[in-house]
There are 2 protein chains.
Amino acid sequence: MLEIPDKPPEGAQKALIEAGLALFGQKGFDATSTRELAERAGVNLALITYHFGGKDGLRRAVVGEVARRLLAVAGAPQPSEGLTPAAALQRLQTILRGVAVFIGTAPEAGPLVNFALAELARGGPMTDLIYEGFIGPKHAELSQLWAIASGKNADSEAVKLAVFAMIGQVLYFRLGREIVTRKMGWTSIGPDEAGRIADLIAENLRLLTEGERE
Amino acid sequence: MLEIPDKPPEGAQKALIEAGLALFGQKGFDATSTRELAERAGVNLALITYHFGGKDGLRRAVVGEVARRLLAVAGAPQPSEGLTPAAALQRLQTILRGVAVFIGTAPEAGPLVNFALAELARGGPMTDLIYEGFIGPKHAELSQLWAIASGKNADSEAVKLAVFAMIGQVLYFRLGREIVTRKMGWTSIGPDEAGRIADLIAENLRLLTEGERE
DNA sequence: GTCTATAAACAGATAGAC
DNA sequence: GTCTATCTGTTTATAGAC
């Protein structure tokens, strides 16, 4: 059974997971050899099998670590009952701004998000862990906030789809990072650029939820 | 020099490109062996090297074919001068609805989009071809339409970013297809579901552009 | 252009010493 | 827990017959 670890790993395990996170995210799982992983982690090749049972076991461990970190970035879900529409909108904006700045500027965000997206796109067995541990609860929280802000029902199809569209807006700035920087004439996405992206998304949220309320 | 082919390939080359499109998109480039490619294409293994110079040459050929098909789906850019804001909005909605339905329901869309996104996320040499041949021109057209519909300047940062956010909304419904179907309680994304997604995006476009105009 | 046969390198995994 | 040395299968690429 797959689980999300409570505590960060240590020693050789930590080094291997770190190497897996970087290399899997950058080059993809299949393009990364066990020898590369061991070299990058500074440990012996045989330790992959010893600690994780094999390369695929390391993948599972990396997924668990990804879920753990995403949860930390997104913050624990908070009850949203009793919020006014304006307060719900503000909390939505705060959450998405934090995510936008994180995926735009945090050095470790690139491989982490790339790895998570690749796992999700494949729809393989790792999807479950990422979904149940992170996306499921977070989506529910966002849906409730969106429902309050827009005056609609949290369980309605419109609200659930709207939350997906909102997530897509944020993620594309990581996935299409090459395209974005090129088209915008930026050299990279730093704090300034991530801030402007966050501003746009926050404003879009306001327009969408207020428009829905009328 | 990489080029977008004018005409579809034939014979063994076509069969190999078709196999590459399906397998690269589904399993990823590195996870696909040349033997699988040859078997699926129904041709001899050695023909990959003969026709494309190796596995990586086949990847290039597949990218060219992807760009060719995406161009065909999105349609040739049309001049947008003289359009009223309402007409520009309607054309935006038509284009995005077409793309949403295509990536939601076309059987070949999954591997094709997955492959293109994987290439873009990697930011490797294939990015150039996809960007210059497809995304660049299309983004310019969408920006002009958005500018007219929202009353802003097509070269402004706000408009260019808004177009990226819009593209992200559409793409996530393919990338996160597993998550979407699960969360929505759908068994798959068929014409009905794709239509409802398109409706949402069209409505979002209206709210965003009209909101900006005020 | 297409095939068979094979080369040369690389993959992931493991036995056994320490 | 960590290491060396090695096994076994697979990978891509190619030489050469047809």
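Bear in mind that the values here come from a model prediction, so they are computed numbers and not experimental data. Lettering follows sequence order; numbering is per chain, from 1.
- Along DNA chain D, the nucleotide nearest Gly42(A) and the nucleotide nearest Gly53(B) are compared for position; the residue whose nucleotide lies closer to the 5' end is Gly42(A).
- Between the CD atom of Glu39(A) and the P atom of dC10(C) there is a distance of 13 Å, given to the nearest Å.
- Across all strands, Leu45(A) comes closer than 4.0 Å to base atoms (heavy-atom distances).
- Taking the ring centre of Tyr131(A) as origin, the terminal cationic atom of Arg182(B) falls inside the region bounded by 6.0 Å and 45° from the ring axis.
- In this structure, the nucleotide among dT14(C), dG1(C), dG12(C) sitting nearest to the side chain of Ala46(A) is dT14(C).
- Among the nucleotides dA13(D), dT4(D), dG1(C), the one closest to any side-chain atom of Asn44(A) is dT4(D).
- Of the candidates dC3(C), dG1(D), dA13(C), dC3(C) carries the atom nearest the Leu47(B) side chain, counting heavy atoms from C-beta on.
- Straight-line distance from the CZ atom of Phe29(A) to the C1' atom of dG12(C): 10 Å, rounded to whole Å.
- Rounded to whole Å, the distance from OH on Tyr50(A) to C1' on dT4(D) is 17 Å.
- Protein atom CD1 of Ile48(A) is 12 Å distant from nucleotide atom P of dT14(C), rounded to whole Å.
- Per the geometry, CG belonging to Leu37(B) stands 15 Å off C1' belonging to dT10(D), to the nearest Å.
- A donor-acceptor distance shorter than 3.5 angstrom exists from the side chain of Gln93(B) to the backbone of Ala202(B), with no hydrogens or angles considered.
- Rounded to whole Å, the distance from CG on Leu23(A) to C1' on dG12(C) is 16 Å.
- Looking at heavy-atom distances under 4.0 Å, Thr49(A) makes contact with a base.
- Evaluation of the ring-ring contact (aromatic ring centres under 6.0 Å, His included) test over residues 33-80 of chain B, restricted to residues two or more places apart or in two chains, returns none.
- In this structure, Leu58(A) atom CG and dA11(C) atom P are separated by 16 Å, rounded to whole Å.
- A salt bridge is absent between Glu157(B) and Lys160(B); no separation between the charged side-chain nitrogens and carboxylate oxygens falls under 4.0 Å.
- In this structure, NE2 of His51(A) is placed 17 Å from C1' of dG12(C), rounded to the nearest angstrom.
- Look at Arg59(A) and Asp56(A) and you find a salt bridge, because one of the NZ, NE, NH1 or NH2 atoms lies within 4.0 Å of a carboxylate O, short of that distance.
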